[in-house]
Number of protein chains: 2
Amino acid sequence: MTTLSTAGQVLRCFSARRQELTVTEVAELLSLPKSNVSRLLRAMREAGFLESVPDSRGYRPGILMFELGHSYRRDSALVARAHAAVGRVSRQFGHSGYVSLRDGGDVIGLTFHEGSRMLRVGTPVGQRLPAFAAASGRSLLARLPDEEVRRLYPAPLAPPSPNAPQDMAELLARLDAVRREGFATACDESNPGVGSIAVAVGGRQPGEDACLCIVYPLSLVDGTERERMVAALLAEAREIQARPGAVAPERAGLRSAAA
Amino acid sequence: MTTLSTAGQVLRCFSARRQELTVTEVAELLSLPKSNVSRLLRAMREAGFLESVPDSRGYRPGILMFELGHSYRRDSALVARAHAAVGRVSRQFGHSGYVSLRDGGDVIGLTFHEGSRMLRVGTPVGQRLPAFAAASGRSLLARLPDEEVRRLYPAPLAPPSPNAPQDMAELLARLDAVRREGFATACDESNPGVGSIAVAVGGRQPGEDACLCIVYPLSLVDGTERERMVAALLAEAREIQARPGAVAPERAGLRSAAA
DNA sequence: ACCGTTGTTCCACTTATTGGAACCGCCCAT
DNA sequence: ATGGGCGGTTCCAATAAGTGGAACAACGGT
């Protein structure tokens, strides 16, 4: 193991839940000697990857991570168009929408358009979910051959709810349905009370796909509205696929703030 | 030099301008042999710090950076209160506002509240500016002793505009004024056409300070409005300082999206 | 003041990193 | 077509790092 890959493992220990970690916690999570972890975390702090939390022994990701995170794919044409498309559907129905990407067996929210109804789903930006247990994730997984999906989940699936696929066979069956129908849906899977509809759009390379997803409170949406949202998302995705090089979306205001 | 600190240097080569870098570019920027850079970038990709850009030789920061960046200080009470306070002043006057932090001799935008006027200043979130040439930066620098400010800028200042401090003496004089008056201002410094007013609030530790900043188009604001904005910001900052442990701001909607 | 916990330092051992030079592959100009 | 030129990779011995068990130090709590 190189120092660099261990450092990567350390960073993966952080999440929205775990915003702060100590030497002992990291040592246990990664099964490493405390001595190594102690030096590694200090070295990562010196290098800017981490910072010490004041009045605490803990470490947290450094401001360098924050800075880098905020220009991620800022000028990707595909993401920009997907974001604009999601925004249109979101405005039309009043439900929140977002664009997400796949990273291995997970999906991560990339951009968000907040819904306009009083009861609305909040932002998933920067959050990681298991792809197999999310509409957005399955819409992206469906673009891979079954064989590759199997490789992404070598261990048995750990479904977060009874509505999620319970094993590989069920997952593959649902992916097949996504391939036939062109969209994926989920109800009460990774997030209780939330339903979602997702359509993937392709980049030039496989693995460079993005996903358009609308999320809504289950209590608010009936079959008719759901079908209209599916149709709207499919139409937007078709438009993106049909004309790969089309216009980027507008940006309002002066470009960047002063101080 | 350890691998880790070199990796940190590599990441610092990226910015809003430079979203993608090749082996040769990094080798020149850091004055390192191409052989090392070639291996390092590959190792950083394997570890998740970077990803290869499709149809290009280039590398860009990886999705791991994006993920980590989005939970940075998400649950800091100081930042949350500062953000809420900036939001109130921003709404009152219609101009954009933001919260920023100092990192060495730079400031970085952390949260943003968009203005409501047709002409408004855009987001600085995740962007790095030289602290000495920004109102937000000077409000934070003013909390340090002169001696430490000198240490932060060992080389002669490189002012981005004639309105910025041209040398260390002028900077220290302006910091002194900030300490007396309690706020900092800037016009046409790092961003042309933009004026700004900034007030710092303190964390428990020095260096853990945050800055409340209002930014406006110079063409829209006269002396009277400016003074009222200064007063509003000062009042908010006083409130934060007076009651360090007070309430966090509201968050709307269901907490996190499903998929 | 003591104990348990957490983090750091030490040191011999092992392994990775370094950087010059040679090499590969691609694109462009002749 | 062919020979640069350029960007990137690979090779290798010298060098500098990382490793982990154990002893040690620093806190916090009772």
Side-chain angles (χ1 to χ4, degrees), chain A residues 1-15 17-62 64-65 204-205 207-208, chain B residues 1-15 17-62 64-65 75 77 203-208 244-245:
Chain A
M1 267 303 157
T2 68
T3 309
L4 217 47
S5 63
T6 315
Q9 302 287 343
V10 169
L11 292 178
R12 277 178 238 278
C13 293
F14 292 95
S15 69
R17 263 92 229 248
R18 302 186 148 287
Q19 302 234 18
E20 184 182 333
L21 289 167
T22 65
V23 170
T24 306
E25 287 169 331
V26 173
E28 282 176 3
L29 285 167
L30 301 181
S31 308
L32 290 173
K34 281 197 302 176
S35 58
N36 287 0
V37 173
S38 173
R39 282 169 304 197
L40 178 60
L41 295 190
R42 189 147 22 92
M44 287 176 74
R45 170 155 54 78
E46 298 318 309
F49 292 102
L50 301 179
E51 52 192 42
S52 287
V53 179
D55 300 325
S56 157
R57 288 180 279 245
Y59 290 86
R60 65 183 171 209
L64 177 61
M65 305 294 101
R204 336 182 128 203
Q205 312 285 93
E208 283 292 303
Chain B
M1 268 301 157
T2 68
T3 308
L4 217 47
S5 62
T6 314
Q9 301 289 339
V10 169
L11 292 179
R12 275 178 242 277
C13 294
F14 292 95
S15 69
R17 264 94 230 247
R18 303 185 147 288
Q19 302 234 19
E20 183 181 332
L21 289 168
T22 65
V23 169
T24 305
E25 286 169 331
V26 173
E28 282 176 4
L29 285 167
L30 301 181
S31 308
L32 289 173
K34 281 197 301 177
S35 58
N36 287 2
V37 174
S38 172
R39 281 170 304 197
L40 178 60
L41 296 190
R42 191 147 22 95
M44 287 176 75
R45 170 156 55 78
E46 298 318 309
F49 293 101
L50 300 178
E51 49 191 44
S52 286
V53 180
D55 299 325
S56 156
R57 288 179 280 242
Y59 290 87
R60 66 184 171 208
L64 177 61
M65 306 293 102
D75 49 35
R204 337 182 130 202
Q205 313 284 93
E208 282 293 304

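Naming convention: chains lettered A, B, ... in sequence-line order (proteins, then strands); numbering from 1 in each chain.
- To the nearest angstrom, C1' of D/dG18 lies 15 Å from CE of A/Met44.
- Here the shortest heavy-atom pairing between A/Val23 and A/Lys34 reads CG1-O, 3.9 Å.
- Closest heavy-atom contact between A/Leu4 and B/Ala47: O-CB, 3.7 Å.
- The minimum heavy-atom distance linking B/Pro54 with B/Arg60 is given by the pair CD-NH2, 4.2 Å.
- Atom CG of A/Leu41 and atom P of C/dG7 are 9 Å apart (whole Å).
- Within 4.0 Å (heavy atoms only), B/Ser35 reaches at least one base atom of the nucleic acid.
- The CG atom of A/Leu30 sits 12 Å away from the P atom of D/dT19 (whole-angstrom rounding).
- Residue-level contact check: B/Thr24 touches the backbone only, with heavy atoms under 4.0 Å from sugar-phosphate atoms and none from bases.
- Within the nucleic acid shown, A/Thr22 comes within 4.0 Å of sugar-phosphate atoms alone, with no base atom in reach, counting heavy atoms only.
- Relative to the side chain of B/Arg39, the nucleotides D/dC12, D/dG20, C/dT8 differ in distance, and D/dC12 lies closest.
- The residue among A/Asn36 and A/Arg57 whose nearest nucleotide of DNA chain D is located toward the 5' end is A/Asn36.
- Atom P of nucleotide C/dA16 and atom CD of B/Glu46 are separated by 15 Å, given to the nearest angstrom.
- Separating the CG atom of B/Leu50 from the C1' atom of D/dG8 is a distance of 16 Å, rounded to the nearest angstrom.
- Annotation: of the two residues near DNA chain C, A/Met1 and A/Lys34, the 5′-most nearest-nucleotide partner is A/Lys34.
- In this structure, B/Arg42 atom CZ and C/dA16 atom P are separated by 15 Å, rounded to whole Å.
- In this structure, A/Met65 and B/Leu11 have side chains that are in contact, with non-hydrogen atoms separated by less than 4.5 Å.
- Distance, B/Tyr59 OH to D/dG7 P: 16 Å, rounded to whole Å.
- When the nearest nucleotides of DNA chain C are assigned to A/Thr3 and A/Glu25 by heavy-atom distance, the more 5′-ward of the two goes with A/Glu25.
- Proximity note for B/Ser38 (side chain, C-beta onward) versus D/dT9, C/dG19, C/dT8: the nearest is D/dT9.
- The side chain to side chain contact (heavy atoms under 4.5 Å, CB included) test with B/Met44 singles out one residue from B/Val10, B/Thr3, B/Thr6, and that residue is B/Val10.
- Straight-line distance from the CG atom of B/Leu4 to the P atom of D/dT19: 11 Å, rounded to whole Å.
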